[in-house]
Amino acid sequence: MADPHLLTPTPAGLYCPAGDFYIDPVRATPRALITHGHADHARAGHGSVLATRQTLDIMALRYGENFCVTRQIATYGKTMNVNGVEVTFHPAGHVLGSAQICVCDGKKRIVVSGDYKRERDPTCPPFEPIRCDIFISEATFALPVFRHPDSRREVGKLLSSLALFPERAHLVGAYSLGKAQRMMALVREAGWDKPIWIHGAVEKITDYYMREGVDLGEIRKVTAAERPKLAGQIVLCPPSAIQDVWSRKFPDPVAAFASGWMRVRARARQRGVELPLIVSDHADWDDLCATIGETQCSELWVTHGEADALAHWASTIGLRAKPLHLVGYGDEEEAPGDEAAA
Ligand SMILES: [Zn+2]
Ligand SMILES: [Zn+2]
């Protein structure tokens, strides 16, 4: 196993004793390196935070300007020295600003990938495989049953439904950071040129993406008075809103939900989703396995999700592998309750 002085799992998260910092800690710590802005990775209350500029901006939008004492910007590909440890951020392809964090002591190189995906996403730079000794991966969809379809096919289903039911509003539940904006961009690529309507909870992050130069076309916030008039329109909202009283004022709404979990029909039914769209910001089984191969790592650590399954697979191809089962990391595609705050 690796030298625990470079990185070691602790109850607060992955800790680097040599550099005295944590990566994505789940508790307030003196020095945190943050992979991306989702709430289970990026928490308020740290002393100093090192992250990409966009992740820092997103944390400030969600938690207020005083989310930490001092901030430091990490630039993709630029190596920094943190208390004698080399630290480099690389794109993770997950959401705007998302990064893998590579730590190196001159001998061993460990890559903490955070959350990541390999499918093309017009709203953020693509994941870059980084050669390393130890690769640390999430395992949200690490079962062979999870093979995400092409997201263009899923967006095609949405546009077909709009063509078929022009008298119905199409409410698309999507996580407010990343997934909602990716859906907007995909819908534009598919040729949809009408305004895209949004729920208030999606507004702040969507505005930020647009300020950062992500082209989403015309976006309009839905007002109460407009709801009954939105037949044949696309409305992006937090997943919780599709079952909310909020949704009832729309003309005969079609409830859609964009998530990797929509592969599981029972989940779609449970949530009252009429139009499941399998669009995920996490790597599926094939992409997890391919990515682990591309890093040429000799050892795999698995943070959360189907950790045992992925670690077992890695051991069958000759890697040393250990499931960490880190506590405190959820899955934003499951649509937890922090939506309203986002
Ligand atoms: Zn995430
Ligand atoms: Zn996560």
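Just so you know, ligand 1 is whichever comes first in the structure, and atom 1 is the first atom listed for that ligand.
At the Zn ion (ligand 1), the angle from NE2 in H94 to NE2 in H36 is 100° when rounded to 10°.
Put simply, H282 stays out of reach of the Zn ion (ligand 1), with no N, O or S atom under 2.8 Å from it. The Zn ion (ligand 2) has no N, O or S atom of H304 inside 2.8 Å of it. Under 2.8 Å from the Zn ion (ligand 1) lies no N/O/S atom of H41, from backbone or side chain alike. None of the N, O or S atoms belonging to D40 lies under 2.8 Å away from the Zn ion (ligand 1). For the Zn ion (ligand 2), the N/O/S atoms of D115 include one lying under 2.8 Å.
Looking at S151 and E119, their side chains do bring a donor and an acceptor atom within 3.5 Å of each other.
No close placement of the H148 and H282 rings is indicated, their centers lying 6.0 Å or farther apart. Ring centroids of W261 and F141 are separated by less than 6.0 Å, placing the two rings close together. Between H41 and Y329, a ring centre-to-centre spacing shorter than 6.0 Å is recorded.
Ring geometry, F67 versus Y63: the interplanar angle falls from 30° to 60°, so the pair is classed tilted. Ring geometry for Y22 against Y15 counts as tilted: the plane angle lies between 30° and 60°, on a 0 to 90° scale.
Closest to the Zn ion (ligand 1) among the N, O or S atoms of H38 is ND1.
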